[in-house]
Amino acid sequence: MPQIRGVFLVFVIMTILCVPFTHGSSELSQNSRDILYEASRTTQTLREGLLVKVLPDIAVAQAKASDQIAAKETFTRARILVTAMEEDPIRAADAAEALVGIAVAQGKADMRDAMRVTFEQALRQANRISELRSRFNALQTIAIAQAKVKETTSAQQTFEQLFATSKTPGTPGTIIPGELLYLRIHGAVKVAEGYWDAGNEKLAETALQRALLLLTDFRQVASSSPDSLSYLDNLQEIASLQAKMGKVKLAESTLQNLYDKSHDPSSKITATLSVVRSLLEANKNTLAEHYLQSGIHMTKELALDDAQLQSFVSSRIWKEIALAKATLGDLNGAIQADANVSVDSQKGNETAYRIIGQLHAGDLNGAAQSVQSWSTAQIDAQMLSEIVVMQSQAGNTKETVRAFNILSEVIRGDKGLKQHKAMLNTTEQPPAFLMAIRAVTAARAATGDIKESILWARKQDSPDEIVYALLGVAEGMTQFEWKASSVR
């Protein structure tokens, strides 16, 4: 029976692949549909992990190209892939994650009824996950995703499931209270942060208050040493979130609580720098600088008994300080902090630090100029891939292409970076080099450079690169059509 089912699934997938699609009335829209059909067919050789992520993106592009039939068929392909995961209890977490991706994409494609059904399926999978931390993570992800697509009531209901979870499915008894409280507080904080990022301040405030209420209970439990570190982790998470939400006085009070409870100097520094990162995200640079100076002072006094551990911990902390200094635009401060990093693999370089500051300040033109001076040996491929995407989103076609050409030349011309490209492409969240390829073809096609973009896309090194390049071309073509129609 499983063999017959497998054959049937292959038949369904191939049938969907070969169904001729209906062309629209616009010639340009028709061509974008052709390109998306080509991209869809090329996905046949992609590995499952990447395929289940790119198919929903292709479906969204098809919907935006007014090809609803093809979009539904592509969503069906993605859903069939997840079916195999659902049948394996060990892969319940993978199935839940994939279903969330499909649901969010269905929301973008304005298929909200289908989206709600998929969210319900994701919840069922999340509740099948046997490992408690993974189950909490899945529920957090679903609640945040629902908030992002404006399913507020569903997001609240999913959030409440975090507090109904107390034992592992299929096993008797409950886990120790300390671990359960930690996971609930951690989950509440993560969901609150997700709600905040989604622009739902009311939900974020409710989730934060729930975390603070639970923290009161945890304070008594955490008097025992096994739970004390988890309690400190919760304090750090809450302080960072309060800082991000602009609750600076409350963040300061929570941080002081951590200082009073902790006997580990490095954990105090780590918590302080976590608050600094949150303040930088909220563009509260002056306050960030204040806390950063406090972190630097504590780091200079850090003295651990183990010399090797001292080197590793202090290097990690000084690198964090260097990144914060760079984000604040203090290039000299970043270089000075980096000089204290004794672990070679953690050291940065001047150009990268300069670019970090420019990007934080919104100076894309300055970042583009800095990229030109980046020596081949020092290029951070991940960062450069992200710059390509940012330039494309800002509509800077020339700089998008220029940055990508540098990235492409380095990666394809150096053996070590060829391996790095492979690593970038197998990293699931996100496949950075593939996103850069998608961004550069989208930027070119959006300016009307369609024929050359298509030819370039088809010449890429591997099927996954071709798929993302073609997807970018189709997205750019749709943008170009919208621009053209608005001028008429």
Indicate whether any N or O donor in one side chain lies under 3.5 Å from an N or O acceptor in the other, for [X] and [Y].
X    : Y    : answer
S240 : S274 : yes
Q382 : E386 : yes
D264 : S262 : no
R77  : T43  : yes
R316 : S266 : no
D94  : Q125 : no

* Applying side chain to side chain contact (heavy atoms under 4.5 Å, CB included), name anything that partners L364, two or more places apart in sequence or on another chain. => L359, M390, Q391, A394, N396
* **Validation row: T216, L212 side chains within 4.5 angstrom (heavy atoms)** =>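 Counting from C-beta outward, T216 and L212 never come under 4.5 Å.
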* Sequence-distant partners of E48, salt bridge (charged side-chain N to carboxylate O under 4.0 Å, His left out), two or more places apart ->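 R91.
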* Tell me, which pairs form a side chain to side chain donor-acceptor pair (under 3.5 Å) where one or both residues lie in residues 136-150, sequence neighbours left out? -> Q146-T158
* Out of K108, Q106, M111, which one pairs with V60 under the side chain to side chain contact (heavy atoms under 4.5 Å, CB included) rule? -> K108
* I406 and V371: side chain to side chain contact (heavy atoms under 4.5 Å, CB included), yes or no, with the steps? -> CA-CA 8 Å; I406 295 172; V371 165; 3.5 Å; yes
* Report the C-alpha separation of E151 and R112 in whole Å, then their side-chain angles, then the decisive distance to 0.1 Å, and conclude whether the salt bridge (Lys or Arg N to Asp or Glu O under 4.0 Å) test is met. => CA-CA 10 Å; E151 290 289 303; R112 298 194 71 83; 3.0 Å; yes
* R124/E86 ion pair, N-O < 4.0 Å -> no
* **E193 and K244 ion-paired at < 4.0 Å** =>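 K244 and E193: salt-bridged.
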* Evaluate whether atom NZ of K64 has more than 12 neighbouring non-hydrogen atoms of other residues, nucleotides or ligands under 6.0 angstrom away. => no
* **Heavy atoms from other residues, nucleotides or ligands near NZ of K347 exceed 12 (cutoff 6.0 Å)** => yes
* Asked: Taking the six-membered ring for Trp, are F433 and F404 parallel (under 30°), tilted (30 to 60°) or perpendicular (over 60°)?
  -> parallel
* For the side chain of T400 and the backbone of S392, is there at least one donor-acceptor N/O pair under 3.5 Å apart? -> yes
* Asked: Looking at F163, is R210 sitting on its ring face, NZ or CZ under 6.0 Å from the six-membered ring centre and within 45 degrees of the normal?
  -> yes
